[in-house]
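Quick notes on the structure that follows.
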Amino acid sequence: MDRRLRWLRDACSLLCCAWLLAWMGVAHGGELPLPAQGALSHIGAHWDALEDASGTLTVADVRLRHEGWKPTRQADPNFGYSRSAFWLRTTLVNPHPAQKEWLLGVRYPLIDYLDVYFVGANGAVSAHQTGDRRPYDSREVDDRNFFFSFQVPPGERVTVYMRIQSQGSIQAPLVVTTPAEFRSSMAREHVLQGMYAGALLAMLAYNLLLYTSLRERTYLYYVAYLVLFGLTQMVFNGMAYQFLWPNSPSWGNQAAPILMGLTGAALTQFSRDFLGLKQHWPKMDKAVLVTLWSFLAVAAGGLTMAYTVPIRLGTLVTILAPILHLVIASMILRRGEQQAFYFLAAFGGLLVGVLLAALQAYDLVATSFLSEYGLQIGSLLEITLLSYALAHRLKLAHEANERLQKAHASELEERVRSRTADLDQAMQDLTEANTRLHALTVRDALTGLYNRLYLNERLPELWRQAQRWHQTLSVLMIDIDHFKQVNDRFGHAAGDQALRMVAQTLAQLLGRPGDLAVRYGGEEFLALLPQTNVTGAAHIAETIRQCVEALDCQVNGEHIPLTVSIGVASALPGPNARMEDLLHTADSLLYAAKHAGRNRCEVQGAA
């Protein structure tokens, strides 16, 4: 237990170190030489910034303005949440004799309005206006982030003015890249994003199958969380706007707080169920319920309120909720609950990534690899470790079930030993009596075959099985020819003997598992043949007819000739088929066999 707590302490120490390292660095303004190849990232220190509190300044105004400009002093400019518009400017210099084309990128897809102006040495201005509150086709380059192509002749320079305004967090991770490096980096990013999406989909399918099989709510909450988390990730990395709703910028703006709130609610509900807070810590469960309702309020606010309010509330709750969950899991771990350790292991990395992303949105930490990709890295770690955690949960449940079964077995064994021999015998006699009684109710007393009552119970079951497995069900309707003459000439005792001999023949020939021979009434019999097509049923019917005809039925030394007529019908039960129609068809074919001369089989569909 102490080792696990030390692991948690070390993880917190590493997080603090990462936070401090993210702020280290020295910035300076000035000109930025363009690269001959590759890309330059984290170049915010080469830009100056101007805050436009009124949001009314134009590019002409800021070109003439000299006061108010300040060095950003940040590798990746981040102004947090603000109602102001912010202007950035720098000068790009081309010191290369051959290279003249580049792309300027802002690797943050959630900027509402982004205007970029390239001012050449001759004063010519090239303007670009885009943002996620404008249609997707306003982007010059088809990418989830914002990229702008520009040219600088060898030995010349171009001044860039960039206006950023957004209701959300205002961030500008800047990059300058050559076209070749841009294409190469996009190819790598698409491969990594595809692998990440594939892992999420695989875990989604796996846990959905587990829920379908086990019907445990924990898996349902986790499946809901995976779906919502995947959609939220697509919104915040710009892929949702790129692929799902490129022509709906208003909905794209609303989707962020809605999905953030629903994802947090699903994760909170999963945590409550996984940690068993109701059982282990009811008072703290009420505190967690507050975060659950807070996330739901964020989702509702995304539908009814301006973007700024729910997104700020959602970011704040996203910072506080993981801290609360980690504290609770640590306290439960101290109580000896192993599942809390697996929760910490599975969600520790993810929650660190969530915290870094939220803190970055508030400009509390600088943009870094951890803050930008922490969610993806943490979520991959989480879905891997959580699979083991859920498997361990099943193992614990299985072990508890085994202990319970052993306890019940011991208790039952003690009870059995305490019973007297008379009581055991009485139970045995009662069981045998019940068995005989059941047999009497479903068996024909004369022939020993199943009776009409059993057929009425069994036929619907066989019909449903045939429907479920898309298998043919065949029916043989069998009638003894001239049976009335047998009774009239030889007596009813001879008729009973004839019925028994025909029934024994049916029982011998219908020996496959699932086949059913029934005395339908009087001298009529019925045979049910599951998984048998009309050809197979016709073969069985002809075998029955021949065997009955070969019977040697003797009464007082006199031979009684016996023959049967058989109607053979088959059906592949479908949504509109009825079993009554199958019985009616077999009965009609039986009468057709009678009218055609008896001692024959009439088969459905035969010419």
Side-chain angles (χ1 to χ4, degrees), residues 1 4-5 7-9 11-12 207 210-211 214-229 232 257-301 310 313-355 358 378-379 382-383 385-401 404:
M1 187 68 63
R4 293 172 181 172
L5 293 176
W7 171 86
L8 178 62
R9 182 195 60 197
C12 294
N207 285 279
L210 283 179
Y211 170 73
L214 301 175
R215 296 293 178 182
E216 285 198 20
R217 291 179 306 172
T218 305
Y219 294 98
L220 180 61
Y221 295 145
Y222 187 53
V223 166
Y225 161 67
L226 283 178
V227 172
L228 293 169
F229 179 77
T232 304
I258 293 174
L259 289 174
M260 176 189 286
L262 294 178
T263 302
L267 178 59
T268 302
Q269 186 61 28
F270 171 81
S271 302
R272 292 179 64 225
D273 196 74
F274 185 85
L275 295 175
L277 292 183
K278 275 190 175 182
Q279 297 78 22
H280 300 123
W281 207 344
K283 292 183 178 180
M284 191 57 70
D285 183 59
K286 295 180 180 179
V288 175
L289 278 174
V290 173
T291 65
L292 175 63
W293 286 108
S294 298
F295 278 120
L296 292 177
V298 171
L313 176 60
T315 305
L316 180 62
V317 178
T318 301
I319 293 175
L320 298 178
I323 298 175
L324 177 62
H325 290 172
L326 285 175
V327 170
I328 293 174
S330 301
M331 297 299 293
I332 294 179
L333 180 62
R334 291 176 63 91
R335 296 184 178 187
E337 293 293 334
Q338 286 187 334
Q339 289 192 93
F341 173 75
Y342 294 114
F343 179 87
L344 287 171
F347 279 94
L350 174 65
L351 297 181
V352 168
V354 170
L355 280 172
S379 61
E382 170 254 341
I383 62 178
L385 294 178
L386 195 59
S387 297
Y388 177 79
L390 291 174
H392 186 266
R393 178 189 178 97
L394 286 177
K395 178 185 176 184
L396 293 178
H398 178 70
E399 291 175 350
N401 186 54
L404 184 62

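Numbers for residues simply follow the sequence, beginning at 1.
Considering all non-hydrogen atoms of both residues, Trp281 and Met331 come closest at CZ3-CB, 3.1 Å. When every heavy atom of Pro257 is checked against every heavy atom of Pro310, the shortest pair comes out as CB-CB, 3.8 Å.
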Please tabulate, for side-chain N and O atoms in residues 259-266, each donor-acceptor pair with protein atoms closer than 3.5 Å (sequence neighbours left out).
residue : atom : partner : partner atom : Å
Thr263  : OG1  : Leu228  : O            : 3.1
Thr263  : OG1  : Thr232  : OG1          : 2.7
Thr263  : OG1  : Leu259  : O            : 2.7

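The shortest distance between side-chain heavy atoms of Val317 and Leu313 falls below 4.5 Å.
Atom CE of Met284 sits about 5.0 Å away from atom CD1 of Ile328, to the nearest 0.5 Å. Put simply, OG1 on Thr268 and OH on Tyr225 are 10.5 Å apart, with the number rounded to the nearest 0.5 Å.
A cation-pi arrangement, defined by a distance under 6.0 Å to the six-membered ring centre and an angle within 45 degrees of its axis, is absent between Arg272 and Phe274.
When each of Thr218, Leu226, Leu275 is paired with Phe270, the side-chain contact (heavy atoms from CB on, under 4.5 Å) condition holds for Thr218 and for no other.
Taking Lys286 as the reference, nothing meets the side chain to side chain contact (heavy atoms under 4.5 Å, CB included) condition, with sequence neighbours excluded.
Residue pairs satisfying the side-chain hydrogen bond (donor to acceptor under 3.5 Å, both in side chains) criterion with at least one member in residues 289-298, sequence neighbours excluded, are absent.
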